[in-house]
Amino acid sequence: VLLAGDAAGLADAASGEGIRAAVESGQLAADTILAAGGVYSSDRLTPYAAALADRYGHRVPEGASRFVPQPFRRAVAPALMRSRWFARHVLLDAWFLKAG
Ligand SMILES: Cc1cc2nc3c(=O)[nH]c(=O)nc-3n(C[C@H](O)[C@H](O)[C@H](O)COP(=O)(O)OP(=O)(O)OC[C@H]3O[C@@H](n4cnc5c(N)ncnc54)[C@H](O)[C@@H]3O)c2cc1C
C-alpha cells in the first residue's frame with residue numbers, strides 16, 4: 001500500500017494546506033508503481049518512502065507536541081479526535097482557523 005496526500009499525513013501541520021502535497025505525492029506514487037514494472041514487492045515500492053522523505057523531509061512534530069513521547073500521543077490522539085469539544089474549539093478554531 002502506498003499512502004499519498006492526507007492519508008500519508010502530508011498536509012501542512014500549521015495551515016492545513018494539503019492539495020499540493022496530495023498531487024505531488026500521488027505523482028511520486030504513480031512513478032514508483034510504473035517503475036516497479038508489475039512486480040509490487042516491498043523492495044520495488046520502498047523507493048516511494050525515500051522519495052517522500054526527499055521531497056518533504058522526515059516529519060518532526062511542531063510546537064509543544066514534540067516534547068510528548070510518540071507512544072503517548074498515539075494513545076491519546078484518537079480519544080481527543082472523538083471529542084466534539086476538542087474538534088470544534090481546539091482543532092478547528094484554534095489550530096486550523098486560528099480564531100482569536
Ligand atoms: C475545510 C477545508 C479547507 C481546506 N483548504 C485548503 C486550502 O485552501 N489549500 C490546501 O492546499 N488544502 C486545503 N485543505 C486540505 C486539502 O483539502 C487536503 O489536504 C487534500 O484534499 C488532500 O487530498 P487527498 O487526495 O489526500 O484526500 P481527499 O481530497 O480527502 O480525497 C480522498 C478521497 O477518497 C475518497 N474515499 C474515502 N474513502 C474511500 C473508499 N473507501 N473508497 C473510495 N474512495 C474513498 C473520499 O471520498 C475522497 O474523495 C482543506 C481541507 C479542509 C477540510
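Atoms considered below: every heavy atom in the structure, side chains included; atoms not considered: hydrogens, waters and symmetry mates. For ligands, and for the atoms within them, numbers begin at 1 and follow the listed sequence.
Minimum interatomic distance between Tyr56 and Arg20 (heavy atoms only, all atoms of both residues): OH-O, 4.5 Å. The nearest pair of heavy atoms linking Leu3 to Ala7 is CD1-O, 3.7 Å. Of all the heavy atoms in Ala11 and Asp6, the pair that sits closest is CB-OD1, 3.7 Å. Considering all non-hydrogen atoms of both residues, Ser25 and Gly5 come closest at OG-N, 2.9 Å. Across all their heavy atoms, Val90 and Trp85 have their closest contact at CG2-CZ3, 3.7 Å. In terms of heavy atoms, Arg44 sits closest to Thr32 at O-CG2, 3.8 Å.
At least one protein heavy atom sits closer than 4.0 Å to atom 15 (C) of ligand 1. Less than 4.0 angstrom separates atom 52 (C) of ligand 1 from none of the non-hydrogen atoms of the protein. Proximity of atom 47 (O) of ligand 1 to the protein is not indicated, since no non-hydrogen protein atom lies closer than 4.0 angstrom. Distance remark: protein heavy atom present below 4.0 angstrom from atom 12 (N) of ligand 1. Protein heavy atoms come within 4.0 Å of atom 9 (N) of ligand 1. Checking atom 23 (O) of ligand 1 against the protein gives a heavy-atom contact under 4.0 Å. For atom 40 (C) of ligand 1, the nearest protein heavy atom lies 4.0 Å or farther away.
What sits closest to atom 25 (O) of ligand 1 on the protein, heavy atoms only, is Ala22 CB, 4.0 Å. Regarding atom 17 (O) of ligand 1, its nearest protein heavy-atom neighbour is Ile19 CG1, 4.3 Å. The protein heavy atom nearest to atom 19 (O) of ligand 1 is Asp6 OD1, 2.7 Å. Scanning all protein heavy atoms for the shortest distance to atom 2 (C) of ligand 1 gives Phe96 CZ, 4.1 Å. Closest to atom 7 (C) of ligand 1, if we only count protein heavy atoms, is Glu17 CG, 4.2 Å.
Near Gly5, meaning under 4.0 Å from one of its heavy atoms, ligand 1 places the atoms 26 (O). Near Gly16, the atoms of ligand 1 lying under 4.0 angstrom from a non-hydrogen atom of the residue are 12 (N), 13 (C), 14 (N), 15 (C).
For Arg55, the CZ atom is densely surrounded, since the number of other residues' heavy atoms within 6.0 Å is greater than 12.
Considering OH of Tyr48 and CD1 of Ile33, their distance stands at 8.5 Å, rounded to 0.5 Å. Annotation: the span from Leu10 atom CG to Leu52 atom CG amounts to 6.0 Å, rounded to 0.5 Å.
Looking at Gly18 next to ligand 1, an N or O pair under 3.5 Å apart turns up.
Phe72 and Leu80 end up in the same hydrophobic cluster when Ile, Leu, Val, Met, Phe, Trp and Tyr side chains are linked at under 4.5 Å.
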